[in-house]
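All of these numbers come straight from a predicted model, not from anything done at the bench. Each residue takes its place number in the sequence, starting with 1. Just so you know, these numbers use all the heavy atoms, side chains as well, and skip hydrogens, waters and symmetry mates.
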Amino acid sequence: MTTTEPLTEPVVVTHYEEAKEVYRQKDLRQSLYDEGEVVMADVLVNLHGQDHRARRRVENRMFRRDVFERYERELFPEVIARTLAPYREQGRVDLVQLGHELLLNLAALTAGIDRPQGTAEETHRLYAYTMLFIEGATLAHATGDKDELRARIRVGLQEWDDEFLQPSIARRKDLIARVAAGEEIEPPRDVLYTLLENWDELGLTHEVLRREIAFFLLAGAHTTATAFTRSIDHILGWLAEHPEDAAAVREDPLFVQRCIHETLRLNPSSPTGRRRALAPIELRSGVRVAEGQMVVLDLQQVNRDPEVFGADAAQFNPRRELPAGIAPFGLSFGAGIHVCIGQDLAAGVIPREGADPAGHLFGLLTGSVQSVLTAGVRRDPDNPPERDRNTQRPYWGTYPVLLDG
């Protein structure tokens, strides 16, 4: 860990164990989205203390293993197959576009946003709104006029509310009333239904509800979509050097999940974490953090700490051996009370030695990535991928590939 004088400058954390300690400090508050409050104000990831515990307690009623299993075994496969089908027929696709389209479809299911028309135009409108919300959440990294962007996002939130959120709320309120009247129906297990079902307990305003659902939509559609493209990129690179694993990526979901976890370790959805001290604290290393001072977790370095992940920590190696108690994806999902609530839904459960694939929870990323691998994905030699120039974050802007089946 290093510090920069004066103390008003941030403390920067680069080692795994110190980062884990920071995540578990109750007097360090989330500060990553301070500039993105137009979308992120009062959403779960930004809450602290009792407010966070109350919201998390309610939402945990939806984020349960039995719910995840239903998504993974019953709901997701059909959505994945339907989304991928036209591109398999065409024999080509841009992974960035596919990732956002595919993960938007899955995120809408879990967030609770309905699309009653079921048309491509409706999906494109929802996609456009979601991309706007992503710009709001990552506003600190935007390269354009931030005030103009905030104004556009406020308008977009209201238009999305009118077109998508309000009808979804109305449908769920009707279902809640029917369940309360004793009707035997299977309600949707999504975030919106869960929040409405526990409305009186939470005491939310509509504006907070709107931002919360927008956050779950953008988190599911964007962070997992970027991991989707990065995972396939890493796997294609690995196969170029390890052709003996060609069968494993098509037939062994446990190996594909290891590839996902290794990708997430090397490429956390946010390359940094940020916490602001609510009171003076002293870390075990002896570093003191003043009240109000920022602590920046350099997750790119934390997740490549050679003391934890080995001398080749900066390299992609899905067959990496790890010390006991170390997650294969590092601290990409955080730790402590703010560990990502959707971790198991996105990345699955970390498998134990000798895990039976038949009863294992792989996560939506494994299913999504393997569906593309079994379609015979390969890089397009005539169209190399390009980075996104509209953000400072290391995202792919375009990634054309060919599909063989």
K.L.:
Evaluate salt bridge (Lys or Arg N to Asp or Glu O under 4.0 Å) for R57 paired with E201, printing each intermediate quantity in order.
P.N.:
CA-CA 11 Å; R57 182 174 61 248; E201 178 181 342; 3.7 Å; yes
K.L.:
Should the ring pair W238 and H242 be called parallel, tilted or perpendicular, given that the plane angle runs from 0 to 90° and is split at 30 and 60?
P.N.:
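Because their plane-to-plane angle is under 30°, the rings of W238 and H242 count as parallel.
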K.L.:
Anything under 30° is parallel, anything over 60° is perpendicular, the rest tilted; go ahead and classify H338 against H52.
P.N.:
tilted
K.L.:
Kindly indicate, with the supporting measurements, whether the criterion salt bridge (Lys or Arg N to Asp or Glu O under 4.0 Å) is fulfilled by R274 and D34.
P.N.:
CA-CA 10 Å; R274 298 173 72 88; D34 285 356; over 6 Å; no
K.L.:
Do the non-hydrogen side-chain atoms of L195 and L209 ever get within less than 4.5 Å of each other?
P.N.:
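SC-SC contact between L195 and L209 confirmed.
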K.L.:
Checking L217 against L126 for the side chain to side chain contact (heavy atoms under 4.5 Å, CB included) test, could you report, in this order, the C-alpha distance in whole Å, the side-chain angles of both residues, the deciding distance, and whether it holds?
P.N.:
CA-CA 10 Å; L217 189 64; L126 182 59; 3.9 Å; yes
K.L.:
Between D298 and T272, do the side chains contain a donor N or O and an acceptor N or O under 3.5 Å apart?
P.N.:
no
K.L.:
Parallel, tilted or perpendicular: which one describes the rings of F316 and H234, with boundaries at 30° and 60°?
P.N.:
parallel
K.L.:
For G136 versus V38, what's the shortest heavy-atom pair and its separation?
P.N.:
CA-CG1, 4.4 Å
K.L.:
If you count every heavy atom of other residues, nucleotides or ligands that lies below 6.0 Å from E89 atom CD, does the total exceed 12?
P.N.:
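At most 12 heavy atoms, drawn from other residues, nucleotides or ligands, come within 6.0 Å of this atom.
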K.L.:
Report the residue from L364, T110, L109 that forms a side chain to side chain contact (heavy atoms under 4.5 Å, CB included) with L75.
P.N.:
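Per the side chain to side chain contact (heavy atoms under 4.5 Å, CB included) rule, the option paired with L75 is L109, out of L364, T110, L109.
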K.L.:
Contact between R56 and I341 at the side-chain level, heavy atoms closer than 4.5 Å - yes or no?
P.N.:
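Of all side-chain heavy-atom pairs linking I341 with R56, at least one is under 4.5 Å.
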K.L.:
Apply the test side chain to side chain contact (heavy atoms under 4.5 Å, CB included) to residues L322 and V308: give CA-CA distance (whole Å), side-chain angles for both, the deciding distance (0.1 Å), then the verdict.
P.N.:
CA-CA 8 Å; L322 294 172; V308 176; 5.8 Å; no
K.L.:
From T130 OG1 over to E101 CD, what is the distance, rounded to the nearest 0.5 angstrom?
P.N.:
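One finds 12.0 Å between OG1 of T130 and CD of E101.
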K.L.:
Any side-chain donor-acceptor pair under 3.5 Å between E21 and Y16?
P.N.:
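Side chains of E21 and Y16: no pair found under 3.5 Å.
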K.L.:
Check for a donor-acceptor pair, side chain of D245 on one end and backbone N or O of L239 on the other, with a separation under 3.5 Å.
P.N.:
no
K.L.:
Once rounded to the nearest 0.5 Å, what's the spacing between atom CD of Q166 and atom NE2 of H206?
P.N.:
4.5 Å
K.L.:
Salt bridge between K20 and E17, side-chain N to carboxylate O under 4.0 Å?
P.N.:
no
K.L.:
If you define the side chain from C-beta out and look only at heavy atoms, does anything of S269 sit under 4.5 Å from T224?
P.N.:
no
K.L.:
Atom CG of D305 and atom OG1 of T14: how far apart are they, to the nearest 0.5 Å?
P.N.:
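It is 7.5 Å, given to the nearest 0.5 Å.
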K.L.:
Taking the side chain as every heavy atom from C-beta outward, state whether S270 and L32 have any pair of such atoms under 4.5 Å apart.
P.N.:
yes
K.L.:
Would Y23 and E18 satisfy side-chain hydrogen bond (donor to acceptor under 3.5 Å, both in side chains), going step by step from the backbone distance to the final call?
P.N.:
CA-CA 9 Å; Y23 273 131; E18 292 171 329; over 6 Å; no
K.L.:
Just by distance, do the side chain of D380 and the backbone of V401 share a donor-acceptor pair under 3.5 Å?
P.N.:
no
K.L.:
When you measure from the centre of the six-membered ring of F309, is the NZ or CZ of R304 closer than 6.0 Å and no more than 45° off the axis?
P.N.:
no
K.L.:
Over 60° means perpendicular and under 30° means parallel, so classify the ring planes of F329 and F333, tilted if in between.
P.N.:
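Aromatic pair F333/F329 classed perpendicular.
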K.L.:
Find the distance between OG1 (T263) and CD1 (I232) and round it off to the nearest 0.5 Å.
P.N.:
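So the OG1 of T263 and the CD1 of I232 are separated by 9.5 Å.
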K.L.:
For Y399 and D94, which I'm curious about, is there any donor-acceptor pair between the side chains at under 3.5 Å?
P.N.:
no
K.L.:
Checking side-chain polar atoms at under 3.5 Å, does R210 have a donor or acceptor matched by the opposite partner on Q158?
P.N.:
yes
K.L.:
So do L254 and T366 actually touch side chain to side chain, heavy atoms under 4.5 Å?
P.N.:
no
K.L.:
Are any side-chain N or O atoms of R258 and backbone N or O atoms of P318, one a donor and one an acceptor, separated by less than 3.5 Å?
P.N.:
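Yes, the answer is positive, given that a donor and an acceptor are paired below the 3.5 Å cut-off.
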K.L.:
Please determine whether a side-chain nitrogen of the Lys or Arg among R82 and E78 lies less than 4.0 Å from a carboxylate oxygen of the Asp or Glu.
P.N.:
yes
K.L.:
Locate the shortest heavy-atom distance separating I350 from P328; write the atom from each residue and the value.
P.N.:
CD1-CD, 3.6 Å
K.L.:
Check whether any side-chain heavy atom of L403 lies under 4.5 Å from a side-chain heavy atom of R92, and answer yes or no.
P.N.:
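The answer is no, as the side chains (C-beta and beyond) never meet within the 4.5 Å cut-off.
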K.L.:
Compare all side-chain heavy atoms of I235 with those of L373 and state whether any distance is below 4.5 angstrom.
P.N.:
yes
K.L.:
Quick test of your reading of the model: are D233 and R379 salt-bridged, counting only N-O distances below 4.0 Å?
P.N.:
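The answer is yes: the pair qualifies as a salt bridge.
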K.L.:
Contact between R275 and R29 at the side-chain level, heavy atoms closer than 4.5 Å - yes or no?
P.N.:
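Result no, sub-4.5 Å side-chain heavy-atom pair not found.
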K.L.:
Report the C-alpha separation of Q257 and F255 in whole Å, then their side-chain angles, then the decisive distance to 0.1 Å, and conclude whether the side chain to side chain contact (heavy atoms under 4.5 Å, CB included) test is met.
P.N.:
CA-CA 5 Å; Q257 188 185 26; F255 179 73; over 6 Å; no
K.L.:
Side chains of Q301 and H15 only: does a donor on one sit below 3.5 Å from an acceptor on the other?
P.N.:
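Side-chain D/A pair, Q301 to H15: absent.
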K.L.:
Looking only at heavy atoms, which two atoms of T194 and N198 are closest? And how far apart?
P.N.:
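Scanning both residues, the minimum pair turns out to be O-ND2, 2.7 Å.
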K.L.:
Within a radius of less than 6.0 Å around CD of E148, do more than 12 heavy atoms belonging to other residues, nucleotides or ligands occur?
P.N.:
yes
K.L.:
Taking all atoms of both residues into account, what is the closest heavy-atom pair of D42 and R211, and its distance?
P.N.:
OD2-NH2, 3.6 Å
K.L.:
Spell out, as yes or no, whether a donor-acceptor pair under 3.5 Å connects the side chain of H48 to the backbone of D27.
P.N.:
no
K.L.:
Would you give the length of the straight line joining atom CD of E197 to atom CG of L175, rounded to the nearest 0.5 angstrom?
P.N.:
10.5 Å
K.L.:
Quick test of your reading of the model: are D404 and R378 salt-bridged, counting only N-O distances below 4.0 Å?
P.N.:
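Judged by the 4.0 Å cut-off on N to carboxylate O distance, D404 and R378 do form a salt bridge.
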K.L.:
So which heavy atom on P351 is nearest to which on A355, and how close?
P.N.:
CB-CB, 4.0 Å
K.L.:
Is the charged tip of R230 near the ring of W396: under 6.0 Å from the six-membered ring centre and within 45° of its axis?
P.N.:
no
K.L.:
Decide yes or no on salt bridge (Lys or Arg N to Asp or Glu O under 4.0 Å) for R172 and D190, but give the supporting numbers first.
P.N.:
CA-CA 10 Å; R172 280 154 186 77; D190 54 50; 3.0 Å; yes
K.L.:
Could you give me the CA-CA distance, side-chain angles and deciding distance for Q293 and R276, then say whether side-chain hydrogen bond (donor to acceptor under 3.5 Å, both in side chains) is met?
P.N.:
CA-CA 6 Å; Q293 191 174 11; R276 188 176 296 280; over 6 Å; no
K.L.:
Starting at CD1 of I113, measure out to CD of E163 and round the result to the nearest 0.5 Å.
P.N.:
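Output value for this atom pair is 10.5 Å.
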K.L.:
Between R55 and L204, does a side chain to side chain contact (heavy atoms under 4.5 Å, CB included) hold up when you go through it step by step?
P.N.:
CA-CA 10 Å; R55 184 87 58 83; L204 301 179; 3.7 Å; yes
K.L.:
Can you tell me if T83 and N105 form a side-chain donor-acceptor pair at under 3.5 Å?
P.N.:
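Per modelled atom types, T83 and N105 side chains form a pair under 3.5 Å.
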K.L.:
Quick one, R171 with D174, criterion salt bridge (Lys or Arg N to Asp or Glu O under 4.0 Å). Give me CA distance, side-chain angles, the key distance, then yes/no.
P.N.:
CA-CA 5 Å; R171 175 171 174 260; D174 177 66; over 6 Å; no
K.L.:
Of the non-hydrogen atoms in V191 and F63, which two are nearest, and what is the gap between them?
P.N.:
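V191 and F63 have their closest heavy atoms at CG2-CE1, 3.8 Å.
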K.L.:
Using the six-membered ring wherever Trp is involved, compare the ring planes of H222 and H100 and label them parallel, tilted or perpendicular (cut-offs 30° and 60°).
P.N.:
parallel
